Amino acid sequence: MAKKVKKKNKKTKDKGPEPITTQALINERKKMLCPRLGDIYNRTANVELILEDVCEAIIERSLKKDSQEINLTGMKLNKIPLQLTNHQSIANITHLNLSKNLLFNSESIFTSLTSLI
């Protein structure tokens, strides 16, 4: 008599889509003996581009609604978006939240913010 073997159910986690690489990148990585080097840079670059688009959409939406505040927290901005400095109806903004971004002490940021006043 053969014993029945119970199979364990293994749960698989969805790790997301595979990073897209070209054959030239794969060959360069093989030369350096680092097969996955560089994929993290591609992912972070894509995130920054998406956040820039989101930031532009937030600014445009708040300007269309004639809102008095814009909240751009955690958008990983390293510069002030051009919509904030070039738009005529930006004078209506009384509260601008730029916390948790990558804005550091630089002359360009201070001149952009003083032009809003």
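All values derive from a computational prediction rather than experimental measurement. We use all heavy atoms of the structure for the numbers below, so side chains are in, but hydrogens, waters and symmetry mates are not.
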Do Leu77 and Leu102 come within less than 4.5 Å of each other through their side chains, counting heavy atoms only?
->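 Result no, sub-4.5 Å side-chain heavy-atom pair not found.
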
What residue pairs, at least two apart or across chains, pass side-chain hydrogen bond (donor to acceptor under 3.5 Å, both in side chains) with a residue in residues 45-62?
->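 As it turns out, there is no side-chain hydrogen bond (donor to acceptor under 3.5 Å, both in side chains) pair with a partner in residues 45-62 once direct neighbours are skipped.
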
Mind checking whether Ile58 and Ile50 sit in one hydrophobic cluster, side chains of I, L, V, M, F, W, Y counted as touching below 4.5 Å?
->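 Yes, one cluster joins them.
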
About how many Å separate CG of Asn78 and CG of Asn101, when rounded to the nearest 0.5 Å?
->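 Answer rounded to 0.5 Å: 9.0 Å.
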
Output a table of donor-acceptor pairs, distance under 3.5 Å, between side-chain atoms of residues 63-70 and any protein atom two or more places apart or on a different chain; print 'none' if there are none.
| residue | atom | partner | partner atom | Å |
| --- | --- | --- | --- | --- |
| Ser67 | OG | Glu69 | N | 3.3 |
| Ser67 | OG | Glu69 | O | 3.1 |

In chain order, what residues pass the side-chain hydrogen bond (donor to acceptor under 3.5 Å, both in side chains) check against Asn71, with sequence neighbours excluded?
->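 By the side-chain hydrogen bond (donor to acceptor under 3.5 Å, both in side chains) rule, Asn71 matches Thr73, Asn97.
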
Leu51: side chain to side chain contact (heavy atoms under 4.5 Å, CB included) partners, not counting sequence neighbours =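 Scan of Leu51 (side chain to side chain contact (heavy atoms under 4.5 Å, CB included), adjacent residues dropped) gives Val47, Met75, Lys76.
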
